[in-house]
Protein chains: 2
Amino acid sequence: MKRYTKDGDISYSLGVFPTIELLQKRPQDVLIVVLHSKGEKNSGVAKIKDLCKKHRIPCEVKDRDIRMFAYKENTYAIGIFKKYETEIDKTQNHVVLVGLRNMGNLGTIMRTMVAFGVLDVAIIRPSADIFDPKVISSAMGAFFQVRFNYYDSLSQYIESLSFSGVGKAVDKPAKRQLYTFVVDGVTDIREMKFEEPFSLVFGSESAGLTQTDAKLGKKVSIPQFGDVDSLNLSIAVGIGLYSATALK
Amino acid sequence: MKRYTKDGDISYSLGVFPTIELLQKRPQDVLIVVLHSKGEKNSGVAKIKDLCKKHRIPCEVKDRDIRMFAYKENTYAIGIFKKYETEIDKTQNHVVLVGLRNMGNLGTIMRTMVAFGVLDVAIIRPSADIFDPKVISSAMGAFFQVRFNYYDSLSQYIESLSFSGVGKAVDKPAKRQLYTFVVDGVTDIREMKFEEPFSLVFGSESAGLTQTDAKLGKKVSIPQFGDVDSLNLSIAVGIGLYSATALK
């Protein structure tokens with residue numbers, strides 16, 4: 001086992017619950033599962049062993065490897081898997097994250113997305129590395145359910161929605177509404193009528209969306225009563241998802 | 001400077017923004033402010049120097065102290081202050097956190113509370129230590145605006161609302177509605193009519209509220225679409241605060 005690197009081909013699920021999700025959702029990408037001897041009586045570990053057997057994935061007890069790679073004590077399982085590519089579903093609702101930097105925020109956002117039934121995220125560079133084990137840990141089991149694509153700019157993302165690929169016939173997906181979250185938007189989120197399929201677009205933790213990016217969608221704000229700088233990004237996304245999915 | 005301890009008398013604000021908030025909201029409790037020489041041209045550091053001068057608080061450049069105590073690089077200021085006691089306002093809206101353990105969650109919740117104009121938090125033991133520097137960092141500047149009290153149980157908190165103190169005349173505050181957040185509540189949060197003053201009651205990250213505690217209020221749920229275990233606690237509190245303050 002080697003330390004995680006952004007440019008490497010593999011990543012890790014740390015802990016029993018994320019490793020079960022990995023084995024259930026992406027068994028074809030799992031190289032090996034490492035267990036800690038302390039987890040012998042854990043029911044989740046038993047489930048991991050069953051899943052490894054079913055999918056013929058090697059599964060070994062290696063306490064030293066666990067100790068080297070786990071952030072937390074009492075980590076009983078680590079799944080080592082090949083990084084994979086996904087394709088966001090252009091007919092579904094999206095979350096779009098422009099310039100997000102915090103890995104914990106990215107993971108928490110993915111967890112919240114799944115809770116509200118939104119399974120597609122577009123990530124606009126520069127961004128946190130989605131395969132960093134910290135993202136996977138923060139996302140809990142949700143990580144392996146979410147489809148994602150990277151883009152170099154918000155415009156590139158918008159263009160990609162209109163064309164299925166270079167040289168292919170135009171395959172136009174449903175008309176989509178972009179909602180750009182800003183501190184002083186034209187519309188209060190409580191007044192906004194969200195239409196599906198939607199793209200909820202959020203800027204970076206430190207700077208938010210640029211004015212240019214904000215203008216590419218309907219501007220919407222979450223009003224704040226206190227004199228705090230702004231809501232934490234993952235909380236803002238949570239409230240955005242909660243509001244946009246309210247009509248279901 | 002000594003390492004932070006739960007039982008000690010002092011704590012730290014790490015970073016320029018929280019230190020400014022500390023100096024503005026609790027100048028009487030600040031013992032000393034330590035600066036890093038790299039922050040010499042930072043406008044926030046200039047503001048810190050002005051505030052220290054105004055309140056006659058010692059302010060020294062000590063790079064080594066900063067390096068020892070800061071979690072992040074580029075920390076230009078640390079404020080060292082005496083831990084203080086506060087009294088929650090029994091006429092105002094409250095957040096009540098039962099058995100919360102994660103310090104980042106506690107800080108993020110305080111930040112979100114201030115954003116939605118709720119400034120009082122009741123903390124039911126066992127709980128994360130509110131004065132841990134990690135809580136103060138996660139709360140950004142909001143920490144020093146929030147009033148808090150610790151209680152041994154949810155019942156003790158409820159009893160405290162009816163009496164101003166042993167031996168004193170009964171000084172009954174306004175009738176208050178408790179809303180207990182559970183996974184399978186009687187009422188969907190989208191249908192709930194929140195009445196003020198309210199107490200929004202949340203259980204621990206791992207186990208939620210006990211049935212006994214849940215029954216002490218009106219049960220309310222945030223419906224989830226996916227098969228994620230549950231929303232992150234700080235996201236649930238964010239949506240709760242957003243919904244409960246919607247009528248303002």
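Chain A is the first sequence line, chain B the second, and so forth, proteins listed ahead of strands; every chain is numbered from 1. Note that these values count all heavy atoms, side chains included, but never hydrogens, waters or copies made by symmetry.
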task: Go through the steps to decide whether R111(B) and N232(A) satisfy the test side chain to side chain contact (heavy atoms under 4.5 Å, CB included), and finish with yes or no.
output: CA-CA 8 Å; R111(B) 182 176 169 192; N232(A) 173 291; 3.8 Å; yes

query: Taking atom OG1 of T112(A) and atom CD1 of I239(B), what is their separation to the nearest 0.5 Å?
result: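 T112(A) atom OG1 to I239(B) atom CD1 measures 7.0 Å (nearest 0.5 Å).
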
field: Q224(B) CD to T245(A) OG1 distance, which is reported to the nearest 0.5 Å
entry: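 These two atoms lie 11.0 Å from each other.
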
- prompt: Can you say whether I222(B) sits under 4.5 Å from chain A via the side chain, the backbone, both, or neither, judging by heavy atoms?
  reply: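 When you check distances to chain A, only side chain atoms of I222(B) fall under 4.5 Å.
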
query: Non-hydrogen atoms of chain A under 4.5 Å away: do they reach the side chain of S234(B), the backbone, both or neither?
result: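 For S234(B), the contact with chain A is made by backbone and side chain together.
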
query: Is there side-chain contact between Y242(A) and I189(B), with heavy atoms separated by less than 4.5 Å?
result: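 The answer is yes, as the side chains (C-beta and beyond) meet within the 4.5 Å cut-off.
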
field: Whether over 12 other heavy atoms sit under 6.0 Å from Q211(A) CD
entry: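 Atom CD in Q211(A) is not crowded, with 12 or fewer foreign heavy atoms closer than 6.0 Å.
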
Other residues, nucleotides, ligands: >12 heavy atoms within 6.0 Å of E85(A) CD: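 Check fails, neighbour count at 12 or below.
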
Side chains of residues 39-47 of chain A: which donor-acceptor pairs under 3.5 Å do they make with residues two or more places apart or in other chains?
from: N42(A); atom 1: OD1; to: G44(A); atom 2: N; distance (Å): 2.7
from: N42(A); atom 1: OD1; to: V45(A); atom 2: N; distance (Å): 3.1

- prompt: With Y76(B), which residues qualify under ring pair (Phe, Tyr, Trp, His ring centres under 6.0 Å), at least two apart?
  reply: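 Result, ring pair (Phe, Tyr, Trp, His ring centres under 6.0 Å) vs Y76(B): none returned.
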
